[in-house]
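Note on naming: letters A, B, ... go to the chains in the order of the sequence lines (proteins, then strands), and numbering restarts at 1 for each one.
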Amino acid sequence: MDRFLQHLLNALMLGGTYALLGIGLTMIFGIMRVVNFTHGELYTFGAYMVFFFAMTLSTNFFLALVFAMVLGVALGAAIEFVLLRPLRGASIDTTMLIMIGAWIALQNSEQLVWTGVAKSVIHPFPAEPVVLGPLSVSWIRIFVFCVAILLIVGAHLLIHRTRLGKAMRSTFQDRETAALMGVNINAIQTATFALGSGLAAAAGALLGPVFVLVPSMGDMAALKSFAIVILGGLGSFKGATLGGFMLALVEEMGAGYISSGYRDAMGFLIIIVVLIFRPTGLFARAERIG
Amino acid sequence: MLEIEGLDCRYGKVRAVRDLTLEVREGELVTLIGANGAGKTTTLKAISGILRPAAGRIAFDGEDITRASARAILAKGIAHCPEGRHVFPYMSVQENLDMGCYLRRDPGGIARDLRKVFERFPVLEERRRQMAGTLSGGEQQMLAIGRALMSRPRLMLFDEPSLGLAPNLVETTFEIIAEIRAQGVTVLMVEQNAYAALELCDRSYLLESGAVTLTGSGAELLDNPHVKEAYLGG
Amino acid sequence: MNRWATWLWLAFLFSIPVWMTNQYYLYILINAGIFIIAAMSLNLLLGYTGQLSLGHVAFFGIGAYASALVSLGFDLEITDSYTFVFAPRPVWVGLLAGILVAGFFGWLVGRISFKIRGAYFVIVTISFAEVVRLVALNWIDLTEGPMALNNIPPLTLGIPGLWELTFWRKVPNYYLVLVTCILSYVVIARLVRSRLGRAMIALRENEPLAASVGIDVTRSLVLAAVVSAAMAGAAGGLYTHTIRIIDPDVFLFIYTVTMVIMVITGGKGTLAGPIVGGLIFGILPEVLREVASPEVQWVMYGLIMIAIVFFLPDGIVPALASWWRDRFGAGGGGAESQSEPGPGPEASGTVTDTMGERA
Amino acid sequence: MTREIAAGETVLAVENLGVRFGGLVALAGISFEVRAGEVASLIGPNGAGKTTAFNAITGFLTPSEGAIRYRDSRIEGLRPNEIADLGVVRTFQKTSVFAASSVFDNLLIGLHRRGGARLWEILLALPRVRAEEARLRAEAEEILDFVGLSARAGEPGGALPYGEQRLLEVAVALAARPSLLLLDEPVSGMNPVETASFMAMLGKIRARGITILLVEHDMRMVMGVSDRVVVLNQGAIIAEGTPEEIQANPEVIRAYLGHGADRRAVGRA
Amino acid sequence: MKTLIKSTGFALAAAAALGLSGTAGASEAIKIGVTQPLTGPVAASGNYVVQGAKIAESFLNESGGILGHKVELIVEDNKSNPKEAVATAEKLIVRDKVPVLMGAWSSTYTLAVMPKLIEYGVPMVVETSSSGKITTSGNPWIFRISPTSAMEAKSFGTKVDQFGIKKADFLVVNNDWGRGAASAFSAMLKSKGISVGVVETMDAKAQDLSAQLAKIKASGGDTLFVTTGVEQITLVLKQAKEQRVTHRVITTGGSSSPDQLIAQAGAAAEGSYHLLFFAPWFPEAAPNPDVAKKFVDEWNKRGHNFAGLTEGFRGHDGIMTIAAGIEAAGKAEPDAIRQALWGVKVDGVNGDISFIKQGPAGKESGQNVPNVYIVTIKDGKVALP
């Protein structure tokens, strides 16, 4: 039982960042119809930026997190501007190929800059875990979880309460009519890609200090984001949030009670099963980006 | 107020509008009638800037808006109430109305206009928090009109406002349009329901195969047998 | 004239080992050849039916594993008291088994995934490859997992005791790959110019219209998937018996990406496209190896891919074909059938002509 | 394929066909028949449900209720290719050809049902496959000739001028050897000259013994070619009869020209 | 078809161009081919090995080269991938005509290269791979200086009593190395009457190991054997601390770098034990202190990462072994080098290197019996236990 609860707690902690990754990807797909293969690279980028500010430049850790997220947004905007904007209206296959090319180029640029040697970010939280009866969890994880939840809520509010968010949702629901309302569709797409990228960078920035940094760390993050998004239904904000927690739970339980070797297979098996039986994702009826 | 000269629009190889010329004067209610596929909707899309014309010139208040963006055209005071309502289904009624004044930055004026819309369509106020996709067809039409009004337009383009509505709602819709016009908004309306449109309007243009074949006051066209032929064949 | 060109071209290919004495280049060609077969198979799905399958390496890897396991033999403990023992079989049996098993998985994946389209289909195919990789990694009893299957025998042909040819060295392997390449080309060429292939092309171009004239959508797609998977399995079999070791890394996404790049660069939906793309991307990494550090090589790889999609979206073969047409005017024409999109009549093959297919 | 059908006998019977999308009723239980050898038209204002009816008959959507009979078979719920196999072939409202394939290949694709070569036969290039190909080519040439597109055989379908693309569409449908041909707005977007030649073509198709069901907005064309017209409005049939009857039917006039017509009529009275 | 001919012609022209550019003039230097993972998941280790090998190259050239010739390393990246490992071997042997290779880090890459050694008759010194298969599969061109997992386990077995282990659990990377170590060490432990609890695996790229650790915590063992790269060991130690896994941690495989662990895992690394094949903190404790000291000094002088020393020394030892082989053969020819390698005695950083025969008779591979060291982390410093 203790072990079960510990697994549950671990899943909860991990789920927050998974949800963050999923939301970023689902927003981009929902509004832009682009399968973003660079998502994992933004995650990696976020992590290395925290390293760069906190470790290389000795900036305050929390400030470094903020910088990393802001730069993630900027990089996302740049990718959108350079690679996607000229291809507006191209088929989903074309943009997918472009994004695969960008993914390969970005990952290896990261390798070039940071080398393959793993990097570690020292964080200011105590090493001793918080002990709750039979359970334990580290301070940094709690911090990461809280920030992730804050970002999720923030993204939710942004999408539902702000003018920009409304413009995004309207673009997603009916592009032509949104244009009739005076929405600058191009700008909205850039903003969406930047925001989605920023969330991925945030996930990387948060998890970087928990884990270690290697240039290929984004691959798993990207594949998991796909799993989460499929689970929740492409384009669904709530679906991605729930999907993030569900994937974490299934992985944790699968590794704990079935076989740790198949931990990563769980997500993909879920994708396949979900798509066979509910091709539009588990939360197809849930409210779409809005 | 609005002048169109020699407008040509194409979808790929299909020429949907051919050498179309028309004008709308301040305060008028002008209708475009004609059978399906005559090019009416295309004309409206070209005016509101979501479709690039292949040739021709569109001017509003004497200013060339042929190549202007939808955003710029809206800012100049042209609102387009599209065919089939096109409310944002997963946004609430309030949010749909918010989208109508997306470009406006005057909170006071927006609040006043919102008041007006709610006075005109009390049902929208009742359903303020409801998702627009769950409204009935008639309510959606009200919302679409309300949303267009929120931009405080000087010229409103209506595309088939009666389409798919129950007969009593069709009447109501036309009454509302007449009212809007009475309050000083110029209206250009596309309508398949020719007789109703002709009774309502000051002037009308009959479109066939993308070109204007007949023009005149509503009453003149009502009496012209060619109108019936255009719809039902000769 | 076309017929002569074809024979000349084939003679050239068959003569390469005679004058290309540097075995390293032969090795590069063998490897490129194997990936050309894989790319041709992917082209059937991606180019002709228009389904972007990003899990194609799964079929390649399944073929490789199946072929390796059949020729190495394996034991599987089913229950404590019963162990299934599979004795080693000759390599050509393994190759056949690889083709069949891969074809079977093609059928399976086709059946379940063609219900969905677009981004969903793409992600399902990626997931499928990833699951297969994880199974290969963790089913230690069968695949030895990450410890890899090694000492995989090379192909041996002939009559035991009388005359045998073992494909140890480059030259016989080159011919083996060349012949398989030609066979694959002929299979694809015949298929896409047949009634069944036209049905696949029809689905790519206009699915509702295809259905309305009586083409069974699912059946055609599944057929394409089976042929494509079986051919990828053949490539995987060749791969495993020339490289002689196989581990779960064969399923890495990057291999699928390589195949996709080959097809897109060369020109999807053209017969020559995967060959051209396969030669370029089979050779390019070796050229880059000379001039750039590894990371830079990869960065360039990614950038080249972007550049190609941007500037030659249809690929090199259609671009060359249209350049040729503009420069020298259209040849042929009339009622001559050409199942390929972009390229002009001269792109229609003559290999099949020389094979006497057309009356 | 089954027994011979005499002219005038009912071939297609739509019985109480209903289609709903979620809460929206697109077709509310309509019934009509098409008889062998005739040209029947389905007309009605925008949103009346004509294309929905087409889609239901040809298997592109499954009706919520009712039955569709073609000759002796129930066809509702069958897949489009199964329905095509029974001889019911349609064209589409928006131009729909295999744009990148040559005109000749468009025809060959259309002739899919006329071939039977199997995969292994094709891969082995058996003589019977070659014979079949030769036969299909001959048939394709014959149809191209029939619609007058022989000169265009080598050009990509998508490169043809608009009017010819619409002809090609019909040719592709004809290649599938329909006994009932459903045409969805075949002349929309055509200029009057093209429309006229298309009407002539329709006569030739009909002369081949093919029954035609037409959806069309161009009323001159409908009234000119139809034997019978069925009028739909808001998902229900409001009139049925000869072109002359339809043109005089007040219900139809109201559907097309609106409620004002009543008031107009009253006003005039 | 014409297009096919034209366009493939283009590509072949490119191939021909490549051929022309690749003709290197006959150089006087003796070339040694090195294939290592310089990119991909295990790139860090491969780069360290190459840094060590380059140091050996300088040492050799400073002392006049081999047989009067300069030594030239030709380093190729096998991209952490067996297919590329074969490509590098082909390139090095056929194109660069190297008479001997060193490589290829992971067992999988080494196994992939092995058929090529037979095909071309070129010997290879294996510096890192631990799989037993490499020396037992009957490849007479293989000479391994690194220990197999079984040798490491056996060596550790002589000291296992001092740890008083009752029940051991394993957490290993899911590859040949991790799995090989788990089976070798559990066999050794069982033979000593120690029970084995759970054997958990982790993907080489996995970062969140909480599920595995929760399971290990529940197993009730007292010692956790961890086999993986240093990055993942860092994660294991940190996350074990978070989850209050109280096991004593012993890492095997010689790839852990205690300094890096101290720097990155901090207090979580305290009290962990590490099996190493070189302990650079205590070069004086090595069997050949001069060699070890000289190497460590040069490493530091070049500004390489100190943490990389436990990997980097393998590159040095491998090249030194090859140099001794060429020296003994008297000529840089593959078969002569192969035969000479059987007789070499090299003073390596790890200790004395010489080869014993392993594998089927007539086709034996060479295997060195290296030294194994145990260090522990005490008060944030590396110490001998």
Side-chain angles (χ1 to χ4, degrees), chain A residues 23 26-27 29-31 33 85 88-91 155-192 232-241 280-281 283-290, chain B residues 41 44-52 68-92 94-105 107 110 129-134 140 143-144 146-153 156-159:
Chain A
I23 290 168
T26 216
M27 277 176 58
F29 181 83
I31 291 174
R33 301 274 130 187
R85 189 169 280 218
R88 204 72 91 216
S91 76
H156 181 86
L157 289 178
L158 180 113
I159 286 174
H160 284 93
R161 294 277 185 271
T162 67
R163 185 167 174 271
L164 175 66
K166 280 176 200 155
M168 284 178 175
R169 286 157 62 210
S170 64
T171 305
F172 169 64
Q173 291 170 27
D174 193 328
R175 191 171 295 208
E176 196 173 275
T177 309
L180 278 180
M181 301 294 123
V183 174
N184 182 343
I185 305 290
N186 260 333
I188 288 302
Q189 303 216 22
T190 307
T192 306
L234 283 171
S236 162
F237 191 100
K238 276 182 193 160
T241 314
T280 45
F283 307 101
R285 293 264 152 181
E287 175 197 7
R288 294 300 171 125
I289 299 261
Chain B
T41 296
L44 290 197
K45 286 187 173 176
I47 297 170
S48 62
I50 49 179
L51 191 116
R52 274 281 126 89
S69 70
R71 193 179 162 89
I73 291 170
L74 178 70
K76 287 187 197 311
I78 302 181
H80 183 161
C81 190
E83 178 183 354
R85 276 93 68 184
H86 284 270
V87 296
F88 300 111
Y90 301 106
M91 291 169 97
S92 68
Q94 175 71 54
E95 286 173 327
N96 267 276
L97 293 172
D98 290 348
M99 285 311 296
C101 50
Y102 181 74
L103 291 182
R104 288 176 64 183
R105 301 281 190 181
I110 290 173
R129 306 255 158 257
Q130 200 170 319
M131 286 292 144
T134 62
Q140 288 192 8
L143 178 56
R147 186 178 61 182
L149 284 173
M150 287 302 290
S151 70
R152 195 182 280 176
M156 257 179 100
L157 312 176
F158 284 99
D159 196 350

Can you tell which of B/H80, B/R85, B/R147 makes a side chain to side chain contact (heavy atoms under 4.5 Å, CB included) with A/T177? B/R147
Can you name the nearest heavy-atom pair linking A/A179 to B/A70, along with the distance? O-CB, 3.6 Å
Within the 4.5 Å heavy-atom criterion, are B/F88 and A/K166 side-chain neighbours or not? no
Among B/P89, B/S151, B/S48, the residue with the most heavy-atom pairs under 4.5 Å to chain A is B/P89
In this structure, CZ of B/R105 is separated from CZ of A/R163 (nearest 0.5 Å) by 4.0 Å
Please classify the contact between B/I50 and chain A as side chain, backbone, both or neither, with a heavy-atom cut-off of under 4.5 Å. side chain
Hey, what do you get for CE (B/M91) to CZ (A/R169), rounding to the nearest 0.5 Å? 4.5 Å
Report yes if some heavy atom in the side chain of A/D174 is under 4.5 Å from a heavy atom in the side chain of B/M99; otherwise report no. no
Per-residue contact mode, B/D98 against chain A (heavy atom under 4.5 angstrom): side chain
Contact summary for B/R71 and A/N184, nearest pair of heavy atoms: NH1-N, 3.5 Å
A/E176 vs B/H86, side-chain contact (heavy atoms from CB on, under 4.5 Å): CA-CA, chis, key distance, verdict: CA-CA 9 Å; A/E176 196 173 275; B/H86 284 270; over 6 Å; no
Is the number of heavy atoms from other residues, nucleotides or ligands under 6.0 Å of A/R85 CZ greater than 12? yes
Taking every non-hydrogen atom, the tightest pair across A/G182 and B/L103: O-CD2, 3.5 Å
Once you round to the nearest 0.5 Å, how far does CD1 of B/I73 lie from CG of A/L180? 10.0 Å
